[in-house]
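Since the structure comes first, as structure tokens, the remarks are kept for the end.
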Amino acid sequence: MELDERKLKILQAIIRNYLETGEPVGSRTISKYTDLNLSSATIRNEMADLEELGYIIQPHTSAGRIPSDKGYRLYVDRMMQEKEEQLSQATQEVKDMQKLLLEREDKMEAILKQVAKMLAVNTNYATMISAPQMKGNRLKFLQISKLDERQLLITVVIEGNVIKNHMIPVNDVLDDEAIWKLNLLLNTNLNGLRIEEINLAMISKLKQQAGIYDDIVSAILDTISEALQNDEDIEIYTSGTNNIFKYPELADQQRASELITTFEEKQLLNELVQETLTDENGTGIQVYIGNETPIQTMKDCSVVTATYELEEGVKGTIGIIGPRRMDYDKVISTLKTMKSQLDTLYKKD
């Protein structure tokens with residue numbers, strides 16, 4: 001059943017009032033809070049319909065109503081639809097963040113930690129941000145250089161212009177012509193390939209073509225394989241975990257302890273990041289309300305995530321975690337702005 005305009009306005013008023021106060025909302029409060037000019041009796045009837053439809057619930061007898069997960073979902077979906085074609089103006093904190101990003105572009109770890117901290121201060125919720133990850137890594141270029149007579153430097157360049165260096169020992173002295181031939185052989189056959197495309201038949205063929213240098217080619221292939229593999233453990237930076245205690249519904253000892261452990265150990269956050277990065281809906285923003293959250297310890301929370309992209313295939317996740325009654329409007333606007341700042345700053349021409 002689609003809600004009419006009156007029911008939608010009353011539901012929105014209940015949600016906004018509950019977001020502000022954290023207390024169940026009664027009909028008398030709604031009659032003052034909205035511009036509907038309806039009597040308390042009429043509002044009670046509409047609230048009864050909303051409860052029957054599952055958009056609000058009554059936590060205790062004779063108490064007011066609070067939003068259900070279904071109510072939050074409708075509220076968030078409508079709000080995101082209205083905001084889809086516009087990007088909110090950046091707050092002063094975000095402008096300051098942009099300046100920091102420009103000044104410290106080469107210090108990714110410091111930048112991401114500062115982003116998490118700034119978001120926690122700006123929203124009063126717990127925050128997380130993952131380091132950018134490569135998806136579908138391809139070998140872009142390989143350079144073999146001689147450090148000395150017994151060591152080679154292998155420089156592997158992969159998608160996103162990520163550079164990884166590795167040294168390998170050699171038993172035989174290689175002259176410049178031999179190194180040039182190895183560079184030509186491996187680049188000609190491997191450039192543009194993913195790790196799963198470098199199969200045993202190809203490896204065997206390359207080693208055969210390398211002749212007396214087959215052991216060196218084998219070691220170089222191991223280095224390439226290691227460079228192309230995605231790390232299982234994603235680096236995740238968090239901030240604002242103490243903000244959890246500001247919300248009574250999350251502050252009891254067991255809930256708070258579980259949430260803090262989740263933030264400290266980060267394994268479950270890793271799973272959340274992986275789910276976010278594999279999302280194919282293209283919006284870049286995801287909202288998990290209550291039991292929709294893939295992390296069991298966060299079932300009493302709402303989690304809003306955004307995917308940022310530094311360049312094609314290089315992505316990370318920003319997340320804000322708070323109570324179900326979080327200020328979705330502010331959180332989504334803040335994440336959209338931060339996502340846009342990161343995307344724009346690092347986008348290559």
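Just so you know, residue 1 is the first one in the sequence shown, and it goes up from there. Atom set for the values below is all heavy atoms of this structure, side chains included, hydrogens, waters and symmetry mates excluded.
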- [ ] Report yes or no: is the cationic atom of Lys113 (NZ for Lys, CZ for Arg) under 6.0 Å from the centre of the six-membered ring of Tyr237, at an angle within 45° of the ring normal?
- [x]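 No, Lys113 and Tyr237 do not form such a contact.
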Measuring only between side-chain heavy atoms, which start at C-beta, is [X] closer than 4.5 Å to [Y]?
| X | Y | result |
| --- | --- | --- |
| Val304 | Met326 | yes |
| Leu335 | Ile285 | yes |
| Ile320 | Val303 | no |
| Met338 | Ile318 | yes |
| Thr293 | Ile321 | no |
| Tyr72 | Tyr55 | no |
| Val76 | Ile332 | yes |
| Leu38 | Ser31 | no |

No-hydrogen, no-angle side-chain donor-acceptor test under 3.5 Å, [X] and [Y]:
| X | Y | result |
| --- | --- | --- |
| Gln267 | Asn270 | no |
| Thr42 | Ser39 | yes |
| Thr307 | Thr317 | no |

Could you tell me which residues satisfy side chain to side chain donor-acceptor pair (under 3.5 Å) with [X], sequence neighbours excluded, listed by chain and number?
| X | value |
| --- | --- |
| Glu249 | Arg325 |
| Asn187 | Asn191 |
| Tyr328 | Ser302 |
| Asp252 | Arg255 |

Backbone of [Y] reached by a side-chain donor or acceptor of [X] within 3.5 Å:
| X | Y | result |
| --- | --- | --- |
| Lys266 | Ile236 | yes |
| Thr29 | Val25 | no |
| Thr262 | Glu258 | yes |
| Lys330 | Asn122 | yes |
| Ser225 | Leu221 | no |

Open item on the list: Please check if the number of heavy atoms outside Lys181 that lie under 6.0 Å from its NZ is greater than 12.
Closed with: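 Result for NZ/Lys181: open.
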Task: Neighbour count >12 (heavy atoms, 6.0 Å) for atom CG, Leu200 - done: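 For Leu200, atom CG is not crowded (no more than 12 foreign heavy atoms under 6.0 Å).
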Task: Arg16 with Glu20: basic N within carboxylate O range, under 4.0 Å - done: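 No, this pair does not count.
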TODO: Inspect the contact between Asp77 and Arg73 and indicate whether a charged nitrogen and a carboxylate oxygen are less than 4.0 angstrom apart.
DONE: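 Yes.
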To the nearest 0.5 Å, tell me how far [X] [atom1] sits from [Y] [atom2].
| X | Y | atom1 | atom2 | answer |
| --- | --- | --- | --- | --- |
| Asp327 | Asn124 | CG | CG | 10.5 Å |
| Ile244 | Leu250 | CD1 | CG | 7.0 Å |
| Glu177 | Asp175 | CD | CG | 6.0 Å |
| Ser68 | Ile14 | OG | CD1 | 10.0 Å |
| Asn17 | Arg65 | CG | CZ | 14.0 Å |

Where do [X] and [Y] come nearest, in terms of heavy atoms and distance?
| X | Y | result |
| --- | --- | --- |
| Asp69 | Gly290 | OD2-CA, 3.8 Å |
| Met47 | Ile56 | O-CD1, 3.3 Å |
| Ala210 | Val217 | CB-CG2, 3.3 Å |
| Val287 | Ile289 | CG1-CG1, 3.9 Å |
| Thr241 | Ala126 | CA-CB, 4.2 Å |
| Thr127 | Ala120 | CG2-N, 3.5 Å |

- [ ] Among Val157, Ile220, Thr155, find the one that has a side chain to side chain contact (heavy atoms under 4.5 Å, CB included) with Leu142.
- [x]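 Exactly one option meets the side chain to side chain contact (heavy atoms under 4.5 Å, CB included) with Leu142, and it is Ile220.
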Task: Pair listing, salt bridge (Lys or Arg N to Asp or Glu O under 4.0 Å) test, anchored in residues 198-224, at least two apart - done: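 Every candidate salt bridge (Lys or Arg N to Asp or Glu O under 4.0 Å) pair involving residues 198-224 fails, so no pair, neighbours aside, qualifies.
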Given the rule that I, L, V, M, F, W and Y join up when any side-chain heavy atoms are under 4.5 Å apart, are [X] and [Y] in one cluster?
| X | Y | value |
| --- | --- | --- |
| Tyr125 | Ile260 | no |
| Leu206 | Ile212 | yes |
| Met202 | Leu185 | yes |
| Ile203 | Leu182 | yes |

Tell me, please, which residues at least two apart from [X] pass salt bridge (Lys or Arg N to Asp or Glu O under 4.0 Å).
| X | value |
| --- | --- |
| Asp4 | Lys7 |
| Arg6 | Glu46 |
| Asp176 | none |
| Glu23 | none |

State which residues pass side-chain contact (heavy atoms from CB on, under 4.5 Å) with [X]; sequence neighbours excluded, sorted by chain then number.
| X | value |
| --- | --- |
| Ser204 | none |
| Leu8 | Leu3, Leu74, Arg78 |
| Lys117 | Gln114, Ser239 |

Task: Ile198 and Leu139: CA distance, side-chain angles, deciding distance, side chain to side chain contact (heavy atoms under 4.5 Å, CB included) verdict - done: CA-CA 10 Å; Ile198 304 175; Leu139 176 66; 5.8 Å; no
Open item on the list: side chain to side chain contact (heavy atoms under 4.5 Å, CB included) for Met128 and Thr238? Distances and angles first, verdict last.
Closed with: CA-CA 4 Å; Met128 53 157 280; Thr238 61; 4.1 Å; yes
TODO: Begin from the C-alpha positions of Met298 and Leu259 and carry the test side chain to side chain contact (heavy atoms under 4.5 Å, CB included) through to its verdict.
DONE: CA-CA 7 Å; Met298 292 183 179; Leu259 285 171; 3.6 Å; yes
TODO: Output, in order, the C-alpha distance, side-chain angles, deciding distance and verdict of side chain to side chain contact (heavy atoms under 4.5 Å, CB included) for His166 and Val156.
DONE: CA-CA 8 Å; His166 189 76; Val156 181; over 6 Å; no
